[in-house]
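Before any comments, here is the structure.
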Amino acid sequence: MSSPFKSQRGFRRILRAAGYSWQGLKAACSHEAAFRQELWLCVILVPCAIWVAQSLGQFLLLIASLLFVLTMELINSAIEALADSISQEFHPLLGRAKDIGSAAVLLSFMVAACAWLAVLYTNYFSTGLGF
């Protein structure tokens, strides 16, 4: 049995999916302060990545790490919105879901920090003796 909310196949489905994605990004920008802050961090760090990276691979690694943080924040925001739609009162499982989503964002920041530190170390602080 298929969901009545599933769309058609083909190019029309792709256009609708892109529209839904755009709506999600606009909603995150409008309603999620953490997403806006992380987006501003990306606006600052993308030009830094252009300057810091010494190869296309390094540049893509730095940008991917930033996109990973934004992705985790979107997932966390979706979990929080869903939990809040179920109940505004405290429930241990809803609290756990929110905490786990927040932990995912924290880990994504750690991944990004590792990527940036690895590139910076390789390009500017390496003594040639290895890691």
query: Is Leu107 close to Phe68 at the side-chain level, that is, under 4.5 Å between some pair of heavy atoms?
result: no

Separation between OG1 (Thr71) and CG (Leu66), nearest 0.5 Å, reads 10.5 Å

**Prompt:** Can you tell if the side chain of Gln54 reaches within under 4.5 Å of the side chain of Tyr124, non-hydrogen atoms only?
**Reply:** yes

Smallest heavy-atom separation, Leu120 atom then Val52 atom, equals CD2-CG1, 3.6 Å

More than 12 heavy atoms from other groups under 6.0 Å of CZ on Arg36
yes

So CD of Glu73 and CD of Gln37: to nearest 0.5 Å the spacing works out to 9.0 Å

Correct closest heavy-atom pair for Asn76 and Gly101 would be OD1-C, 3.0 Å

Worksheet item: Do Lys98 and Leu94 have side chains that get closer than 4.5 Å, going by heavy atoms?
Response: no

All heavy atoms of Phe59 vs all of Val46, minimum pair found to be CE1-O, 4.4 Å

Requested in this report: Could you check if a side-chain atom of His91 sits within less than 4.5 angstrom of a side-chain atom of Ile86, using non-hydrogen atoms only?
Outcome: no

What one should report as the nearest heavy-atom pair of Leu74 and Ala28 is CD2-CB, 3.5 Å

When every non-hydrogen atom of Ala115 is compared with those of Leu61, the smallest separation belongs to CB-CG, 4.0 Å

On a heavy-atom basis, the closest approach of Phe109 and Glu38 is CE1-OE2, 3.5 Å

- Query: Stepwise, does the side-chain contact (heavy atoms from CB on, under 4.5 Å) test hold for Phe125 with Leu117?
  - Reply: CA-CA 10 Å; Phe125 305 111; Leu117 288 172; over 6 Å; no

Problem set entry | Check: Ser30 side chain, Ala27 main-chain N or O, donor-acceptor pair, under 3.5 Å | no

